[in-house]
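Note that the structure is predicted; figures quoted are calculated from it, not measured. In what follows, chains carry the letters A, B, and so on, assigned in the order in which the sequence lines appear, proteins first and then strands, with residues in each chain numbered from 1.
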Number of protein chains: 2
Amino acid sequence: MAAPSTDRLGFLLSFRGELTSARIRAALGVAGLHPRNVMTLMRLAPGAMSQRELAAAMEIDPSQLVAVLNELESEGLAERRRDPADRRRHIVEITEAGAAVLGRVDAAVGEAERELFGDLTEAEQALLRSLLDRVVVDAADHDCGGAE
Amino acid sequence: MAAPSTDRLGFLLSFRGELTSARIRAALGVAGLHPRNVMTLMRLAPGAMSQRELAAAMEIDPSQLVAVLNELESEGLAERRRDPADRRRHIVEITEAGAAVLGRVDAAVGEAERELFGDLTEAEQALLRSLLDRVVVDAADHDCGGAE
DNA sequence: TATTGTTATACTCTATAACTATA
DNA sequence: TATAGTTATAGAGTATAACAATA
């Protein structure tokens, strides 16, 4: 849906964020993976963890994570193995192939950022970052009814 | 899904945009309407137009607009009438009640923006706006496959 | 035959709850 | 009984195609 009153800063930030998000998602898809699967690999890159921990870190429901890991595992990009200490748990780990994919993705995201922010100097990019960091987005509950 | 590498400016802008969008949508819902319906009223505020024009302006499919207008009309916030010059067309118009709703919404959005950007001075808000305006988001086609 | 608005259908996402196997 | 992971189901949202009325 196109912007109706981009003269409001809130709308401007929302719409630019959405378009930026679309460009980044396209970059994440460079290896033919779903962006969500790539985000999962990114989470796993620093180290292995249980599915429950991974779901919590990504703020998604554990049941949604199942399909993601099925796909990643079938493509050889991540592995699940039982935790010997507690056989209910799965330890999830990124594979070498998964890490290699992340390398390609990182290059594509870098390219996307050069396109997105290429008209800004390094200093201006740093300034934009610091201003965005000061936007207050701590989700106080502002649900006002809505929908029908 | 939470941020995996907010150290990249593209991710930061995406995630701040998403959270800002959520806060703005909550404000749009202040009158109990679906945000999409409020956006439609905003488009109609400057003047009446046909459904086809309205759909084009909002960049949505005409068929999706039908349900929105049904709801707005049943709530007395907008009206459809046949164009006498071309009886295929519907002229869509906001009502006084619809304009009144927009007044309440505008106040709520103003409040949301004060929360979001209250830590920034007026000058900093203007700076943020000008930097966002220079982010390049003209959708060149970057579809790289993705999904499965 | 082309266009406007409408309806119907299908596909994706997401949220939730029920189920299994372990503890 | 409680927890980790899985499966199944339902709902919202969206995209597409077929349709009726009018040009």
How many whole angstroms separate atom CD of B:Glu18 from atom P of C:dT14?
11 Å
Nearest-Å distance for atom pair CE/C1', residues A:Met58 and C:dT14
14 Å
Length of the CG-C1' vector between A:Asn37 and C:dT12, whole Å:
14 Å
Given B:Leu33, which partner from the list B:Leu28, B:Val105, B:Leu41 fulfils the side chain to side chain contact (heavy atoms under 4.5 Å, CB included) test?
B:Leu41
Protein proximity profile, nucleotides 18-23 of chain D - base contact B, sugar-phosphate-only contact S, no contact -, cut-off 4.0 Å on heavy atoms:
----BS
Indicate whether any N or O donor in one side chain lies under 3.5 Å from an N or O acceptor in the other, for B:Ser21 and B:Arg25.
yes
Nearest to side-chain heavy atoms of A:Gln51, which nucleotide of D:dT7, D:dG5, C:dA15:
D:dG5
Grab the CG-P distance between B:Leu54 and C:dT6 for me, whole Å please.
12 Å
On the nucleotide D:dG13, are OP1 or OP2 found under 4.0 Å from the side-chain N or O atoms that B:His34 carries?
yes
With respect to the phosphate group of C:dT6, does any side-chain polar atom (N or O) of B:Arg89 fall under 4.0 Å of OP1 or OP2?
no
Return the value, rounded to whole Å, for the distance between atom NE2 of A:His90 and atom P of D:dT3.
19 Å
Using only side-chain N and O atoms of B:Gln64, determine if any of them is under 4.0 Å from OP1 or OP2 of D:dA15.
yes
What about A:Ser63, does its side chain sit under 3.5 Å from the base of C:dT16 through a donor-acceptor pair?
yes
Would A:Leu102 and A:Met49 show up in the same hydrophobic cluster when neighbours are defined by side-chain heavy atoms closer than 4.5 Å?
yes
Find the distance B:Leu69:CG to C:dT7:P and express it as a whole number of Å.
12 Å
Between B:Asp106 and A:Arg8, is there a salt bridge with N-O shorter than 4.0 Å?
yes
When the distance from CD1 of A:Ile91 to C1' of D:dG5 is rounded to whole Å, what number comes out?
13 Å
Taking only Lys NZ, Arg NE, NH1 and NH2, and the carboxylate oxygens of Asp or Glu, determine whether B:Arg23 and B:Glu113 approach each other closer than 4.0 Å.
no
In a check of side chain to side chain contact (heavy atoms under 4.5 Å, CB included) between A:Asn70 and each of A:Val66, A:Val68, A:Leu72, which one passes?
A:Val66
Grab the CD1-C1' distance between B:Ile60 and C:dT4 for me, whole Å please.
15 Å
State whether B:Glu124 and A:Arg134 are salt-bridged, where the test is any N-O pair (Lys NZ or Arg NE/NH1/NH2 against Asp/Glu carboxylate O) under 4.0 Å.
yes
5′-ward residue of the pair A:Arg80/B:Asp61 relative to DNA chain D
A:Arg80
